[in-house]
Amino acid sequence: RDIDIMVILKRRILDITIDKHKIEKIISNSLPFKNYIILNNYKDLKEVFPFSHLLQTQFEYSKVIYGKLNLLKKYGFLP
């Protein structure tokens, strides 16, 4: 069992996939528990979310730690 962690950024700061995976791995290795890190930006998430049943299912049981994600309210995952 692991914890899935998605970091949503307001704007794209990483254009190179290799750098993105390198940062995800650094964050993952620094945590004391088994995890899966995903870095994403809001614009890309907004485009994919309506069509991804798997992503919607993951968000159904999610918890926003910091900030707010209006996308979840729009699709009925938050009151």
Side-chain angles (χ1 to χ4, degrees):
R1 298 197 48 115
D2 63 352
I3 296 175
D4 294 339
I5 301 170
M6 182 178 286
V7 179
I8 310 296
L9 306 169
K10 286 186 179 182
R11 57 186 170 87
R12 179 178 288 164
I13 59 170
L14 302 167
D15 287 328
I16 302 171
T17 305
I18 295 170
D19 289 340
K20 179 181 169 189
H21 290 300
K22 194 182 295 183
I23 291 172
E24 289 171 347
K25 188 170 183 159
I26 290 169
I27 294 170
S28 180
N29 291 339
S30 69
L31 297 173
F33 50 85
K34 212 172 169 186
N35 60 71
Y36 179 68
I37 303 288
I38 302 169
L39 290 176
N40 210 339
N41 68 62
Y42 184 74
K43 183 181 176 189
D44 290 345
L45 181 66
K46 188 176 170 182
E47 290 173 2
V48 172
F49 190 81
F51 308 105
S52 174
H53 182 67
L54 178 62
L55 192 56
Q56 292 174 12
T57 303
Q58 288 176 334
F59 272 106
E60 190 173 344
Y61 303 105
S62 69
K63 180 178 180 182
V64 176
I65 303 296
Y66 179 79
K68 62 181 179 177
L69 196 55
N70 295 333
L71 190 64
L72 298 179
K73 191 170 186 178
K74 179 178 178 182
Y75 289 99
F77 291 101
L78 294 174

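What you see below is based on every heavy atom in this structure, not just the backbone, and it leaves out hydrogens, waters and symmetry mates. We count residues from 1, following the sequence as given. Computed from a prediction, not measured in an experiment: that's the story for all the values here.
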Hey, does the side chain of K20 reach the backbone of L39 with a donor-acceptor pair shorter than 3.5 angstrom? yes

Atom pair CG/OH of D4 and Y36 - distance to nearest 0.5 Å: 7.5 Å

Ignoring hydrogens and angles, tell me if any N or O in the side chain of N35 forms a donor-acceptor pair with the backbone of S28 under 3.5 Å. yes

Which value, rounded to the nearest 0.5 Å, describes the distance between L55 atom CG and N40 atom CG? 8.0 Å

Is the number of heavy atoms from other residues, nucleotides or ligands under 6.0 Å of F51 CZ greater than 12? no

Is there a chain of hydrophobic side chains (I, L, V, M, F, W, Y, each step under 4.5 Å between heavy atoms) that links F33 to V7? yes

When rounded to the nearest 0.5 Å, the distance separating NZ of K10 from CG of N41 is 13.0 Å

Check side-chain contact (heavy atoms from CB on, under 4.5 Å) between K25 and all other residues, then give those that pass, not counting sequence neighbours. N29

I'd like to know if the side chain of S30 reaches the main chain of I27, judged simply by a donor and an acceptor atom lying under 3.5 Å from each other, with no hydrogens or angles considered. yes

Any side-chain to backbone donor/acceptor pair from T57 onto H53? Under 3.5 Å, distance only. yes

I5 vs L31, side-chain contact (heavy atoms from CB on, under 4.5 Å): CA-CA, chis, key distance, verdict: CA-CA 11 Å; I5 301 170; L31 297 173; 3.8 Å; yes

For L45 and M6, work out which heavy atoms get closest and say how close. CD1-SD, 4.3 Å

